[in-house]
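To start, the structure itself, in structure tokens.
It should be emphasised that the depicted structure is a prediction, and the values quoted were computed from it without experimental measurement. Naming convention: chains lettered A, B, ... in sequence-line order (proteins, then strands); numbering from 1 in each chain. Basis for what follows: all heavy atoms, side chains included, without hydrogens, waters or symmetry-related copies.
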There are 2 protein chains.
Amino acid sequence: MSVIRGARERARIEVTGAIKEEARRQLAAEGAARLSLRAVARELGMVSSALYRYFPSRDELLTALIIDAYDALGEAAEAALAATAGDRSGERWIAVCRATRTWALAHPHEYALLYGSPVPGYTAPQDTIAPASRVGLALVAIARDAHAAGELTAPANGPLPDEVGTDVERFAAEWASDLPKPTLAGLTAAWSQLFGLIGFEVFGHFHRVVEARDAFFDHSCAALARQVGL
Amino acid sequence: MSVIRGARERARIEVTGAIKEEARRQLAAEGAARLSLRAVARELGMVSSALYRYFPSRDELLTALIIDAYDALGEAAEAALAATAGDRSGERWIAVCRATRTWALAHPHEYALLYGSPVPGYTAPQDTIAPASRVGLALVAIARDAHAAGELTAPANGPLPDEVGTDVERFAAEWASDLPKPTLAGLTAAWSQLFGLIGFEVFGHFHRVVEARDAFFDHSCAALARQVGL
DNA sequence: TCAAAAACGAGAGCGCTGCTCTTGCATCGG
DNA sequence: CCGATGCAAGAGCAGCGCTCTCGTTTTTGA
């Protein structure tokens, strides 16, 4: 499957990579809305119709970029997770949150592609759901390690509604059966709330509201960790 | 200033309204990316160039829609605030959060325009910042009332970093000088986190993760309220 | 009151977009 | 070696935002 059969296939891989690379350049520079197939082709010295041999449509090219971006972000989060193995779980939480935020601030247009408005005619294909889960699973991993070390305190929220318990059980069966249900519910909420914090900063909603962004983010993430029970 | 001088000015107001109305229809149906000046003009039975007499560019038309959307969302939040005057602050918090979420779910494309990826060449003009603050100020109002009633407990977070305190003081001087600084910091975080919860739901990130959306949202909002000290 | 000024709708047109189809050439497999 | 396949190029279609001009209508001010 992954054996390169000949010069043709090798060339195909190379061109596909060059297209993605140039597209990523334009995405980072101008944003998804200004990403143009014709401009990519122009920059690569080919004619626009030739590009359709490699990507059947602009949306498919965008999807490829989305997957790559999810992977890059997931990589950053998992690197922070691995780098803090053994640390206190509160520190690890902050580290993963910080890594996520740092990546988002460094790649705002890619971040917008992942967590901003969905592309109009676009529904997430199967290939994106695994890469999209990596940040969340890194957060879950922290909680699992903390739980194993007995550092996990139960969230002080009210009783968990039954329907939420059902959702959480399905998740637990697939990923983290050892975590208490209220913790998993808190994790899910904290996961989305983390991206609320980051999204507001990247998209400019903190303009003239929060200026000490680093300190505010750390302080708010600490609150999230406490909400989860870390 | 707001006196209608003659038939021409009256017609202008009418046409401007019709354009916004049709544009809002297309925005709600297809999303901002598919909103086309030419299609709006076509639907209104005029030629596309005529539309430029009313809006100097597509971005200006979008900006007008953004302001209207912020106002509609703010109205919904403030209505929930007013409807729960006198209730316990936790109830009021949930009510405002629910109203915000309900509006977002009912107007996903408008919501995406407000809190999704910013439009490429777009920087929020002065006219949008007041309407954009209405939901946040509704949340602040709940905390102020709770504080006045002595129902507010101090957030159990760590000590507030000095830089965050400075931000918060600026905010307090302008809007809510009576609230304790840690509460204001918590409010700001909860404000963004609320839109993290809502955004994940509207943009489909809870697909196959959270199915009991209503219950999960209420439960998570209760946690937010506790984080603020309500 | 009447002419100058301003506002307006229609139309043509520019350069751009995503995408399709056809044509001719290079490469690959039997 | 030859038919099948892969590929780049070009022309072309429909749509887009936006500009400019032109004739008409309304408003304005001396």
Interatomic distance where OH belongs to B:Tyr52 and C1' belongs to C:dC14 [whole Å]: 13 Å
Shortest side-chain distance from A:Arg53, nucleotide among D:dG17, C:dC8, D:dC7: D:dC7
Sugar-phosphate only, base, or nothing, as touched by B:Phe55 at under 4.0 Å among non-hydrogen atoms: nothing
salt_bridge(A:Asp218, A:Arg213) N-O dist < 4.0 Å: no
Sugar-phosphate, base or nothing in reach of B:Ser49, heavy atoms under 4.0 Å: base
Donor/acceptor link under 3.5 angstrom from A:Arg12 side chain onto base of D:dG6: no
Ranges pairing with ranges for DNA chain C, where each run has three or more Watson-Crick or G-U pairs under 3.5 Å: C:1-30 with D:1-30
Whole-Å gap separating P (C:dG18) and CG (A:Leu37): 5 Å
B:Trp191 ring center near A:Phe200 ring center (under 6.0 Å): yes
Side chain of A:Ser36 - closest among C:dA12, D:dC16, C:dT17: C:dT17
Length of the line joining B:Leu35:CG and D:dG17:C1', which is rounded to integer Å: 12 Å
A:Ala39 side chain, from C-beta outward: closest of C:dG18, C:dG9, C:dT17: C:dT17
Minimum-distance nucleotide to A:Val47 side chain [options: D:dA9, D:dT26, C:dG18]: D:dA9
B:Glu22/B:Arg24 ion pair, N-O < 4.0 Å: no
Sugar-phosphate only, base, or nothing, as touched by A:Ser57 at under 4.0 Å among non-hydrogen atoms: sugar-phosphate
Sugar-phosphate only, base, or nothing, as touched by B:Leu51 at under 4.0 Å among non-hydrogen atoms: nothing
Protein-nucleotide distance (B:Leu44, atom CG; C:dC8, atom C1'), rounded to Å: 15 Å
Touch class at under 4.0 angstrom, heavy-atom based, for A:Arg8 against every strand present: base
